[in-house]
Amino acid sequence: MIEIELDGKKVEISEGSMVMHAADKAGTYIPHFCYHKKLSIAANCRMCLVDVEKMPKPMPACATPVTQGMIVRTKSDKAIKAQKSVMEFLLINHPLDCPICDQGGECQLQDLAVGYGGSSSRYEEEKRVVFHKDVGPLISMEEMSRCIHCTRCVRFGQEVAGVMELGMSHRGEHAEIETFIGQSIDSELSGNMIDICPVGALTSKPFRYSARTWELSRRKSVSPHDSTGANLIIQVKNNKVMRVVPLENEDVNECWIADRDRYSYEALNSDERLTAPMLKQGGEWKTVDWQTALEYVANGLKQIKTNHGAMSIGALVSPHSTLEELHLAGSLMRGLGSENIDYRLRNAEFEVADKARYLGTSIASLSHLESVLVVGSNLRKDHPLFAQRIRQAAKLGCQVSALNAKSYDWALPVANALNVPANNWVQALADIAAAVAAEKGVAAPAAGSVNAVGQAIARSLLSGDRKAILLGNAAAHHARASSLLVLANWIAVQTGATVGYLTEAANTVGAQVAGALPGYDGLNAGQMLTGGLKAALLLNTEPVFDSAAGEQAALHLAKADMVVTLSPFKANMAFSDVLLPVAPFTETAGTFVNAEGRVQSFHAVVRPAGETRPAWKVIRVLANLLGLPGFDFESTQDVLLAMHQEEGGVPDFVPAARLGNSSNASIDFSVAVTEPVVAAIYQLDGTVRRATSLQLTADARADESQSAQEALA
């Protein structure tokens, strides 16, 4: 450690740190634009000039290493004069359009100009103008004349997103930030560039000119999409969600969010919203009141139970539903006498696990791995924030290996890639296990042959201390998923790696904890989707898009006597008999459990639209109408406490005793395998599918093109 003096205070800081880091530790603010704690040092704005004793000129705090005994003054006349000179330089060409700028009110340049800017300008020349650029549906570059060339956006693309989509062309007063040859910005993390832009050069295209920052209320929430559990700040005006930005949580999403977390709110205000209960009568949909709709459902369930038995009734539930909704849906089914409930709509195998399958390690640890094997995942598109962490690990030397059906661009160096058809994944993993066995001189768990790639992966996993085997969505949905897990566990034991599932949805782990799984004699999702039910309850799911059955699901569900859809959107109208409008995550309280088992509760940020009601309340009232006991809950907190009676309160993490990735299955090479069903990045759930801007992106267009090609094939 090195000790320096900063504004008269002694500060201890590690060797190699910069003055800016010492100031952060001491709680001293130094004005800056180009510096960002998550990005490399550029030192090109010069706003952070400070007075360092024995230095003839002011020095940039972000790029000046600390030395033993250094004396730094951040508020001396010399430092203040230098900072004011830099501010004058920055404002020479900056347009005076604060009154119409979207960044007004949350602009670093505007804030610092108050303290360091002059009351008048010495320059009378015309300001330079930079032509606007169209870079896609998410980011607006209409006012690039505001750009101060801090290059935060450029460095973000290179260092965090892994794709250098922006760069600086030309020099001097002709310098511009732009894409290469008129291309668009297509990174799945691109919206973070808006957050880190210190001026109004990059703004949100969907949010543009819709509200002022001081008009917005800010409320905390949790992302309902992938399994990161990204922490959000949802900004609201007049009971309408206007914008979503990240809430910093270093252990979960750091200070970033994926674009689907940022822009999916558009669906909440779309024409697709279901705002009143509807019944299908004579082939036509009619709007009814809640009492009529719920009594219709209750009477229908009673009649079907009487005529066909309780086991003819089932619930297909989405792992994007809250913990409380899933628990009550399971309780409703079991109260009726049915064990038919399942969240695993895209699975091809339905092994019963005694513990909830999860990441097997902490999310934060992904940034520090030394070796990792990813099986069955398009990591970058399935889990953008996990990919970002592994990208940081790769920059520090982590060896990344992949087993997939084809090669994907993960925007990070992949040391060893094994690309084989899904039908051969078990054999490929057995070959890696054989290579590990050969290296260690032990017996292999299954017949396998040692090949060069498998040997390289084995040696990678045998080296270092921090390593993981991560099973992706395609591995979880694989017809031999349990065999893949058994082999992964054997390799992990031999190499000292952790084993875990990246897990698909916001509440995949929570769905297991809540018991949204069939009982001993219950039907699994595959059986229910192929005609096993007389009555089906669909919670937040659209089986045509969310299940392995696809279009066949609609044909089979249409044959049921009654299908009830609980959704925020006008979904499943072709085969449903009742539509019940339930609240999306912004209009209800609830809890998600992310991939690492972290329990995160949130509150509603706006009032429910129209006649929409929280799903947990709808299920509770339906249970009351059916005369089922044990549904006297007044709040989501009551439901949570009932679920965690053994723990004596709601824990921050699912107890370790309830988590595990073990399997008692045997390794099977014989089962015929079709390609696992995996949702594309902007088809993951109903909310994302209805977000207009996301559906205009290059990723969405590529998904449509691929789907069309598969249909023709």
Non-hydrogen side-chain atoms of Leu166 and Ile185 separated by less than 4.5 Å: yes
Donor-acceptor contact below 3.5 Å, side chain Asn192 vs main chain Ile257: yes
Heavy atoms of other groups near Asp652 CG, more than 12 under 6.0 Å: no
Shortest non-hydrogen contact between Tyr35 and Asp24, atoms and distance: OH-OD2, 3.5 Å
Spacing of CD1 belonging to Ile390 relative to NZ belonging to Lys395, to within rounding of 0.5 Å: 14.5 Å
Check: Gly454 main-chain N/O paired with Asn451 side-chain donor or acceptor under 3.5 Å: yes
Check: Ala422 main-chain N/O paired with His478 side-chain donor or acceptor under 3.5 Å: yes
Test log, rule side chain to side chain contact (heavy atoms under 4.5 Å, CB included), inputs Leu403 and Leu429: CA-CA 8 Å; Leu403 169 57; Leu429 210 53; 4.0 Å; yes
Aromatic plane relationship, Phe585 with His225 - under 30° parallel, 30 to 60° tilted, over 60° perpendicular: perpendicular
Parallel, tilted or perpendicular: ring planes of His36 versus Trp256, cut at 30 and 60 degrees: parallel
Leu366 side chain near Val372 side chain, heavy-atom distance below 4.5 Å: no
Step-by-step side chain to side chain donor-acceptor pair (under 3.5 Å) determination, Glu165 to Ser190: CA-CA 9 Å; Glu165 295 180 296; Ser190 66; over 6 Å; no
Neighbour count >12 (heavy atoms, 6.0 Å) for atom CD, Glu15: no
Pair Arg380 + Asp699: basic N to acidic O under 4.0 Å: no
Euclidean distance, Leu369 CG relative to Thr498 OG1, rounded to 0.5 Å: 7.0 Å
Spacing of CD1 belonging to Ile469 relative to CG belonging to Leu484, to within rounding of 0.5 Å: 11.5 Å
Sidechain-backbone polar pair: Arg658 side chain, Ala356 backbone, donor-acceptor under 3.5 Å: no
Flag if over 12 foreign heavy atoms under 6.0 Å of NZ, Lys25: yes
Side chain Ser331, main chain His327, donor-acceptor under 3.5 Å: yes
Arg155 side chain to Ser40 backbone, donor-acceptor under 3.5 Å: yes
Carboxylate-amine/guanidinium contact Arg260 Asp685, below 4.0 Å: no
Verdict with reasoning, Arg480 to Trp425, per side chain to side chain contact (heavy atoms under 4.5 Å, CB included): CA-CA 9 Å; Arg480 295 187 217 147; Trp425 285 1; over 6 Å; no
Pair Arg357 + Glu351: basic N to acidic O under 4.0 Å: yes
Phe653 vs Val599 side-chain heavy atoms within contact, under 4.5 Å: no
Phe669 and Gln427, any side-chain heavy atoms less than 4.5 Å apart: yes
Candidate pair Thr503 and Val593, rule side chain to side chain contact (heavy atoms under 4.5 Å, CB included), full reasoning: CA-CA 11 Å; Thr503 71; Val593 181; over 6 Å; no
Steps toward side chain to side chain donor-acceptor pair (under 3.5 Å) verdict (Gln600, Asn231): CA-CA 9 Å; Gln600 299 187 107; Asn231 290 198; 2.8 Å; yes
Main-chain N/O of Thr361 paired with Glu596 side-chain donor or acceptor, under 3.5 Å: no
Straight-line distance of His383 NE2 to Ile681 CD1, nearest 0.5 Å: 11.0 Å
Glu370 and Ser463 side chains, donor-acceptor separation under 3.5 Å: no
Gln455 vs Glu439 side-chain heavy atoms within contact, under 4.5 Å: yes
Salt bridge Lys38-Glu250, side-chain N to carboxylate O under 4.0 Å: yes
Rounded distance (nearest 0.5 Å) linking atom OG1 of Thr228 with atom CG of Asn249: 11.5 Å
Step-by-step side chain to side chain donor-acceptor pair (under 3.5 Å) determination, Ser460 to Ser371: CA-CA 6 Å; Ser460 171; Ser371 178; 2.8 Å; yes
Sub-4.5 Å side-chain heavy-atom contact between Asn507 and Tyr343: no
Side-chain heavy atoms of Tyr501 within contact of Leu470, under 4.5 Å: no
Rounded distance (nearest 0.5 Å) linking atom CG of Asn594 with atom CD1 of Ile363: 4.0 Å
Side-chain touch Arg391/Gln388, heavy atoms, less than 4.5 angstrom: yes
